[in-house]
S.K.: 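Following this message is one structure expressed as structure tokens.
Below, chains carry the letters A, B, ... as their sequence lines are ordered, and counting in each starts from 1.
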Amino acid sequence: MLVTISQIVIGTADLAAAFLFLFGLQRMSSPATAPSGIRVAGLGMVAAVLASFFYLASVSPAAQPHVMVNLALALVALAIGGAGAWFVGRRVTMTAMPQMVAIYNGMGGGAAGSIAAVELFGGHTQGATQLVVTLLGGLIGAISLSGSVIAWAKLDGVLKVPLRVRGQQYVNGAVFLAAIAVAGLVVASVLGVDGLLLTTPQWIWVFFACALLFGVLMTLPIGGADMPVVISIYNAFTGLAVGLEGFVLQNPALMIAGMVVGAAGLLLTMIMAKAMNRSIANVLFTNFGTVAKARPGAITGTERATDASDAAIKMRYAGKVIIVPGYGLAAAHAQQKLFEFVKLLVAAKVMVRFAIHPVAGRMPGQMDVLLAEAGVPYDMIFQLDDINDDFAGTDVALVIGANDVVNPAARSDKASPIYGMPILNADKAAQVYVIKRGQGKGYSGIVNALFYAPNCNMVYGDAQAVLVQMIEAIRGLGAAAA
Amino acid sequence: MSFAIIMTGFVALYIFVLAGFAGWVIIGNVPAILHTPLMSGSNFVHGIVVVGGLYALFNAVTPQEQTIGFFAVLLGAGNAAGGYAVTDRMLAMFKSSDAKPAHHRASVHTIKKG
């Protein structure tokens with residue numbers, strides 16, 4: 001009787017959770033309805049977690065004597081994991097969001113991998129199909145765990161440079177094949193084949209070691225500008241791993257949630273790769289930076305510097321201004337100052353809009369979140385396709401900490417490594433100002449033809465300091481007029 | 001009548017295909033401006049793995065299984081709670097021009113405090 005009740009409760013709660021997740025994500029189709037979406041999804045999660053305690057009613061006979069210990073362990077793990085992540089999540093700055101998403105991804109992958117490990121070590125899987133699916137989920141989950149940790153370390157600045165070794169792709173390939181081969185040995189070992197050198201548990205350890213190692217090796221060579229693709233891919237991986245383990249545990253809620261996230265991650269990965277005009281394989285397996293260095297700048301002319309205050313005054317008396325923010329804005333934590341400046345322009349009847357490139361920043365949509373945090377209303381923020389034709393009729397384009405996404409070489413120079421990448425046509429504005437830390441090249445090491453264009457002036461300095469000067473310049477005008 | 005859920009290969013494949021398709025269509029409707037909250041939100045959704053972790057831990061027998069199961073729940077709970085916290089915070093920041101500036105500042109303030 002108790003078992004039947006628990007099955008009904010768990011089944012109902014999981015069904016509700018699966019529906020609420022889909023419904024919640026569906027409400028994310030507009031910024032106006034999105035906040036309610038995440039709350040709806042949260043409700044589903046709470047229901048599913050609470051209902052899962054009914055699993056206690058039907059634990060396997062072997063686990064019966066350990067039920068109290070296991071329950072205590074579960075409560076402690078829920079409390080520490082939940083409270084810790086909640087605490088950090090409420091406090092982390094918006095600029096640190098990419099590394100937070102990376103680490104949550106890793107946690108999900110690690111959890112899926114751990115479930116696979118418990119099932120494998122405990123010998124709970126039944127039949128070859130379940131065994132293979134468990135291994136596959138464990139493989140993907142473990143890769144997602146270690147890869148996400150490396151991605152976090154890169155985004156957080158713990159690891160500064162991409163590590164690239166000659167022949168790395170072959171090493172990576174060998175490690176991956178080793179993981180697959182060991183998975184085959186685990187299957188053989190579990191199914192009772194003798195004489196395999198190691199025992200089943202030992203092979204399982206080797207299997208997870210190979211998977212974790214592959215995640216590390218795969219992520220190490222990938223550079224910071226490619227991070228939007230990497231984070232999206234690990235999102236998809238974790239979703240897939242969760243879905244596969246859901247099949248092993250015969251839990252449709254996990255299967256649905258996992259596959260939905262897997263599809264979401266895949267779609268975002270494809271959008272990001274397309275925005276860089278590169279294939280997913282190209283991002284993962286080639287060394288972008290080294291390609292770029294091979295070709296020194298063939299552009300003649302000089303970058304012309306100008307004063308922050310001159311640029312500010314020009315914008316104050318312009319009719320239309322479009323601002324192109326990039327990772328440099330996030331790095332300088334200058335989004336609040338930027339909006340302060342924009343509010344002064346708007347007060348002076350200047351039409352100001354923001355143009356966001358899909359891969360600006362270190363994860364999809366990072367710039368949008370930073371601007372929203374500063375208080376920029378979302379109807380001032382435009383995406384590439386919606387605003388690109390408007391640059392031609394614009395008086396001033398202000399580029400802050402962005403580089404490759406406004407490089408006109410992507411349109412015209414067939415020899416450029418970024419040729420064909422969709423860019424923001426900032427160069428078509430009557431006047432372009434670029435706020436940049438120094439004369440160095442951008443992240444990818446490609447010379448930016450825009451900086452040498454006759455209609456472009458550079459404002460050197462830290463974005464925050466420059467914006468403070470710009471704000472002062474406009475306030476000074478106001479005082480003089482009054 | 002039995003309420004036990006038993007899924008064999010083909011039923012599982014049906015679920016995977018339909019869920020993947022639903023996810024693809026739903027996510028395709030999310031505007032680019034919300035891609036970061038979408039990512040952290042879908043991150044939160046795969047936090048449901050904590051339920052699988054709980055199942056594995058409840059059925060753990062050996063200390064080794066208990067230890068790994070503990071980590072499964074720990075990581076899964078962190079994934080779910082953290083993903084929710086950051087997504088909720090980010091989505092609360094998106095305001096249209098119609099929203100009153102004073103109200104906006106107040107809401108941002110409380111979010112930072114909370």
S.K.: Please walk me through it: do B:His46 and B:Asn79 pass side chain to side chain donor-acceptor pair (under 3.5 Å)?
M.R.: CA-CA 8 Å; B:His46 68 51; B:Asn79 180 181; 2.9 Å; yes
S.K.: Measuring heavy-atom distances to chain B, does A:Ser6 have an atom under 4.5 Å in its side chain, in its backbone, in both, or in neither?
M.R.: neither
S.K.: List the residues meeting side-chain hydrogen bond (donor to acceptor under 3.5 Å, both in side chains) with B:Thr36, not counting sequence neighbours, and say none if there are none.
M.R.: none
S.K.: Can you check whether A:Ile38's main-chain N or O pairs, donor with acceptor, with A:Arg27's side chain at less than 3.5 Å?
M.R.: no
S.K.: Heavy-atom distance under 4.5 Å to chain B: side chain of A:Pro358, backbone, both or neither?
M.R.: neither
S.K.: In terms of side-chain heavy atoms, does B:Glu65 have a donor or acceptor partner in B:Asn59 at a distance below 3.5 Å?
M.R.: no
S.K.: Taking side chain as everything from C-beta outward and backbone as N, CA, C, O, which of these in A:Ser60 sits under 4.5 Å from a heavy atom of chain B? Side chain, backbone, both or neither.
M.R.: both
S.K.: Which bit of A:Glu245 is near chain B, if near means a heavy-atom gap under 4.5 Å: side chain, backbone, both or neither?
M.R.: neither
S.K.: List the atom pairs, with distances to 0.1 Å, where a side-chain N or O of residues 13-33 of chain B and a protein N or O form a donor-acceptor pair under 3.5 Å, not counting sequence neighbours.
M.R.:
none

S.K.: With a 4.5 angstrom heavy-atom cut-off, could you sort out which part of A:Met255 is near chain B: side chain, backbone, both or neither?
M.R.: both
S.K.: Under a 4.5 Å heavy-atom cut-off, does chain B meet the side chain of A:Phe53, its backbone, both or neither?
M.R.: both
S.K.: Could you have a look at A:Leu249, A:Ile256, A:Leu73, A:Leu244 and say which one has the most heavy-atom pairs with chain B under 4.5 angstrom?
M.R.: A:Leu73
S.K.: Pick one of side chain, backbone, both or neither for A:Leu268, based on which atoms fall under 4.5 Å of a heavy atom in chain B.
M.R.: side chain
S.K.: Does any donor atom in the side chain of A:Ser144 or A:Thr238 lie under 3.5 Å from an acceptor atom in the other side chain?
M.R.: yes
S.K.: With a 4.5 angstrom heavy-atom cut-off, is it the side chain or the backbone of A:Ile271 that approaches chain B, or both, or neither?
M.R.: side chain
